Structure formats: C-alpha cells, structure tokens
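What you see is a predicted model; the values in this text were computed from it and never measured.
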Amino acid sequence: TFLAPTTTYFVAMALANGDVALAMVNQGANATMVCDSACFTAAGLGKASKVKVRDMIAHADLPELSPPFALKALVAGEGSAAAFRLTPAK
C-alpha cells in the first residue's frame, strides 16, 4: 500500500502474523516525517488499542504508541528511508 505519494511518502505492508511493515521514504531534502492517525488507519492499524514499534534500521524497540497514533522520524533526503515493524497489542 502506498500512502500519500509526494517527495516524502509512506509504504505499508501487512505481514503474515498481523504486524505491519512501514517505510518512510524521502526523495526530497532532509525532513521529519510523521505517520499520523490517518496513516495508521490506511496501514490497517487504526483500531488498535496500542502499537509496539521496532526500528528495523537501528535494531531497537521504540516506546509503545497509544491513540491518537503518531510516529515521527527524521529521514535524510535523496532516497533515504526509515523502516519500522508495527505490532498491534493483543
């Protein structure tokens, strides 16, 4: 699923176990990108009560998110990306 295609955009993909892979891609200048509640809904996580976040590039768990969801990342420009694994609370 492509979300908001512009110079910065999000790509979300449902994984077999119910998690969601989320990439924030920046084709422009360095930018802080935000996947907000609309982004989480488009990614299939809008009804989750909480979401665990794993930064796939830094190999680190980030703080758990609660609604209204907002995941921010500073993404370098010219094709750089941030990648996360989002796990809805069971």
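With hydrogens and angles ignored, the 3.5 Å screen pairs no side-chain donor or acceptor of R54 with any backbone N or O of L86.
The two atoms that bring L22 and C35 nearest to each other are CD2-SG, 3.9 Å, heavy atoms only.
Side-chain contact check for M33 versus F10: some heavy-atom pair is nearer than 4.5 Å. Taking the side chain as every heavy atom from C-beta outward, V51 and T87 never approach each other to under 4.5 Å. Side-chain contact check for V20 versus F40: every heavy-atom pair is 4.5 Å or farther apart. Contact check for Y9 versus M24: no side-chain heavy atoms found under the 4.5 Å cut-off.
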Contacts table for residues 63-73: side-chain donor-acceptor under 3.5 angstrom, sequence neighbours left out:
none

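Residue pairs meeting the side-chain hydrogen bond (donor to acceptor under 3.5 Å, both in side chains) criterion with at least one member in residues 24-42, sequence neighbours excluded, do not occur.
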Practice task
Decide yes or no on side chain to side chain contact (heavy atoms under 4.5 Å, CB included) for L15 and R85, but give the supporting numbers first.
Solution key: CA-CA 9 Å; L15 303 177; R85 184 178 191 124; 3.6 Å; yes
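Hydrophobic clustering keeps I57 apart from V75 (ILVMFWY residues linked when any side-chain heavy atoms are closer than 4.5 Å, directly or through intermediates).
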